[in-house]
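Worth knowing before you read on, the calculation uses all heavy atoms, side chains too, and leaves out hydrogens, waters and symmetry mates. Order of appearance sets the numbers: ligands from 1, and atoms from 1 within every ligand.
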Amino acid sequence: MTTTDTRIAFIRGQFVPLAEAVIPVMDRGFLFGDGVYEVTAVIEGRLVDDTPHLARLARSLAEIDIPNPFAAPEWTAIEKELMRRNGLRNGLIYIQVTRGVAERAFAYADGLAPTVVLFPQFQPVQYSPLTKTGARIITLPDQRWTRCDIKSTSLLAQVMAKHAVSQAGAHEAWMTRGDQITEGASSTAYIVTAGGDVITRDLSPAVLPGITRQTILKIARARGLTIVERPFTRAEALAATEAFYTSASTIAIPVATIDGHPIGDREPGPVFQDLYAAYMRDLMDLPEAWPAEDGHG
Ligand code: PDD
């Protein structure tokens with residue numbers, strides 16, 4: 001963010017310039033990381049997978065006993081208005097809800113008003129150059145808590161992992177518990193076996209239930225691929241014919257190397273290419289959330 005930032009945010013009930021948006025120091029999100037978040041992609045004016053993202057937000061809030069401040073249609077109306085005010089056609093919408101403002105004490109009182117923040121990020125989501133070259137992955141221990149199914153804003157383990165990624169000149173970390181890979185630092189991990197099966201870890205508190213995962217698996221099944229939802233090891237990943245990862249902020253990225261070992265023939269493999277093309281085709285069939293206007297990129 002810079003002082004010339006012209007983005008508009010939604011904060012505590014109002015649309016305001018992001019540069020002027022402030023949160024009280026006593027907000028429990030600031031003091032305790034006591035909150036949850038969502039990241040939703042906007043591609044060519046389409047709000048991608050909005051309904052399941054809002055359903056996951058509702059679930060995350062319920063799991064940590066924060067009342068959901070809005071019904072799904074109200075959330076969508078705020079997102080669309082944010083897109084309109086920012087001219088957001090390609091990028092991300094970030095949503096955060098914290099428990100609210102109170103005197104600092106670990107235990108919380110009932111009846112706090114949740115703090116709601118939304119802002120846009122202008123970064124192209126689709127057609128990353130990595131979809132052609134593949135990404136470099138490093139593996140490192142998964143240092144998170146035991147409720148990774150909640151999209152918590154307490155992200156210290158991922159901050160550390162992503163710093164290691166950038167120090168290593170890599171693109172993403174795949175995190176391990178014992179010899180098994182749980183998921184990416186901010187993505188869902190998949191491998192493809194020699195027999196053509198797609199393997200990704202089954203849903204449990206060990207991983208975030210990825211929304212892009214849900215969509216990609218639906219597409220993969222419709223295309224006749226066999227999906228096996230089970231834990232897989234680092235050794236299996238190194239021996240895979242293909243590997244890839246998905247998230248709202250990247251959609252899908254093929255893996256070129258894991259800890260320096262080439263995966264498959266290093267080119268994006270046929271399974272990845274087929275799924276990615278199908279994903280983008282399906283997406284373009286969706287209506288635009290807000291029609292294109294002159295002067296907006
Ligand atoms: N992260 N696993 C983790 C740990 C994640 O943080 C994410 C997404 C995913 C993929 O979920 P989805 O397909 O619903 O985006 C899996 C977002 C993009 C982020 O934190 O920026």
Side-chain angles (χ1 to χ4, degrees), residues 29 33 35-43 46-60 63 79 90-97 117-126 128 130 135 137-166 171-177 180-190 198 200-220 229 231-232 243-253 255 275-276 279-280 282-283:
V36 296
Y37 75 108
E38 275 300 322
V39 176
T40 305
V42 175
I43 297 181
R46 280 113 179 135
L47 196 46
V48 182
D49 290 331
D50 188 44
T51 301
H53 276 288
L54 294 177
R56 187 174 63 188
L57 177 63
R59 179 185 179 275
S60 291
E63 289 296 312
E79 290 174 300
N90 287 288
L92 301 171
I93 293 177
Y94 178 83
I95 303 180
Q96 179 168 332
V97 183
V117 172
L118 286 85
F119 58 79
Q121 290 187 291
F122 289 88
Q123 63 184 63
V125 177
Q126 73 280 35
S128 155
L130 290 179
I137 301 292
I138 57 169
T139 60
L140 41 79
D142 191 337
Q143 304 198 82
R144 297 174 300 164
W145 68 332
T146 53
R147 289 303 307 275
C148 300
D149 56 315
I150 298 170
K151 204 162 170 56
S152 159
T153 55
S154 303
L155 289 167
L156 206 42
Q158 285 102 312
V159 168
M160 303 306 283
K162 292 285 193 177
H163 185 65
V165 165
S166 97
H171 301 101
E172 175 61 311
W174 280 12
M175 301 183 292
T176 55
R177 287 197 200 269
Q180 292 174 351
I181 287 167
T182 50
E183 60 181 333
S186 64
S187 59
T188 305
Y190 310 74
V198 177
T200 190
R201 199 177 169 108
D202 49 308
L203 296 185
S204 74
V207 293
L208 184 77
I211 302 304
T212 322
R213 174 191 190 276
Q214 192 175 308
T215 306
I216 279 282
L217 292 190
K218 198 162 105 194
I219 291 171
E229 295 179 60
F232 60 90
F244 58 94
Y245 58 90
T246 65
S247 74
S249 55
T250 59
I251 305 301
I253 302 286
V255 170
L275 289 178
Y276 190 66
Y279 184 100
M280 295 311 292
D282 284 5
L283 189 65

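- Remark: ligand 1 atoms within the under-4.0 Å shell around heavy atoms of Arg56 are 11 (O), 12 (P), 14 (O).
- Using a 4.0 Å cut-off between charged nitrogen and carboxylate oxygen, Arg56 and Glu38 count as a salt-bridge pair.
- Each of the following atoms of ligand 1 lies closer than 4.0 Å to a heavy atom of Gly184: 4 (C).
- Residues Ala189 and Phe232 share a closest heavy-atom pair of O-CE2, 3.9 Å.
- Remark: Ser152 OG to Arg147 CZ distance equals 11.0 Å, nearest 0.5 Å.
- Considering backbone and side-chain N/O of Arg213, none are found under 3.5 Å from N/O of ligand 1.
- Residue Ser249 has no nitrogen or oxygen atom sitting less than 3.5 Å from a nitrogen or oxygen atom of ligand 1, judged on distance alone.
- At a threshold of 4.5 Å between non-hydrogen side-chain atoms, the residues Glu63 and Val36 do not count as touching.
- Under a 4.0 Å heavy-atom criterion, Glu38 is not in contact with ligand 1.
- When side chains are defined from C-beta on, Thr250 does not count as touching Phe244, because their heavy atoms never get closer than 4.5 Å.
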Pair Thr246-Tyr190, side chain to side chain donor-acceptor pair (under 3.5 Å): steps then yes or no: CA-CA 8 Å; Thr246 65; Tyr190 310 74; 2.8 Å; yes
Trace of the salt bridge (charged side-chain N to carboxylate O under 4.0 Å, His left out) decision for Arg213 with Glu183: CA-CA 11 Å; Arg213 174 191 190 276; Glu183 60 181 333; over 6 Å; no
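- Shortest contact from atom 2 (N) of ligand 1 to any protein heavy atom: Glu183 OE1, 2.7 Å.
- Of all atoms in ligand 1, listed by their number and element, those nearer than 4.0 Å to a heavy atom of Thr188 are 10 (C), 16 (C).
- In Arg144, the part holding a heavy atom less than 4.0 Å from any atom of ligand 1 is the side chain.
- Within the 4.5 Å cutoff, side-chain heavy atoms of Leu54 are placed close to those of Ile95.
- To the nearest 0.5 angstrom, Asp50 atom CG is 14.5 Å from Arg46 atom CZ.
- Thr182 pairs in a side-chain hydrogen bond (donor to acceptor under 3.5 Å, both in side chains) with only one of the listed residues (Thr176, Thr188, Asp142), which is Asp142.
- If you check which protein heavy atom lies closest to atom 15 (O) of ligand 1, you get Ala248 N, 2.8 Å.
- Distance from atom 13 (O) of ligand 1 to its nearest protein heavy atom, with residue and atom name: Thr212 OG1, 2.5 Å.
- Nearest residue to atom 16 (C) of ligand 1 from Ala185, Gly210, Ser187 is Ser187 (criterion: closest heavy atom).
- For Thr153 (side chain) and Gly35 (main-chain N/O), a donor-acceptor pair under 3.5 Å exists by modelled atom type.
- Contact analysis leaves Gln214 out of contact with ligand 1, as no non-hydrogen atom separation drops below 4.0 angstrom.
- When hydrogens are left out, the protein atom nearest atom 1 (N) of ligand 1 is Lys151 NZ, 3.2 Å; that is the closest non-hydrogen contact.
- The shortest contact between atom 6 (O) of ligand 1 and any protein heavy atom is with Ser186 CA, 3.3 Å.
- At least one heavy atom of Tyr37 sits closer than 4.0 Å to an atom of ligand 1.
- Here is the list of ligand 1 atoms found below 4.0 Å of a heavy atom in His53: 14 (O).
- Crowding of Glu229 atom CD: a count of heavy atoms from other residues, nucleotides or ligands under 6.0 Å exceeding 12.
- Contacts of Leu208 with ligand 1, taken as heavy-atom pairs under 4.0 Å, involve the side chain alone.
- At a heavy-atom cutoff of 4.0 Å, ligand 1 is contacted by the side chain of Val39 but not by its backbone.
- For the pair Thr246 and ligand 1, the shortest N or O to N or O distance does not fall below 3.5 Å.
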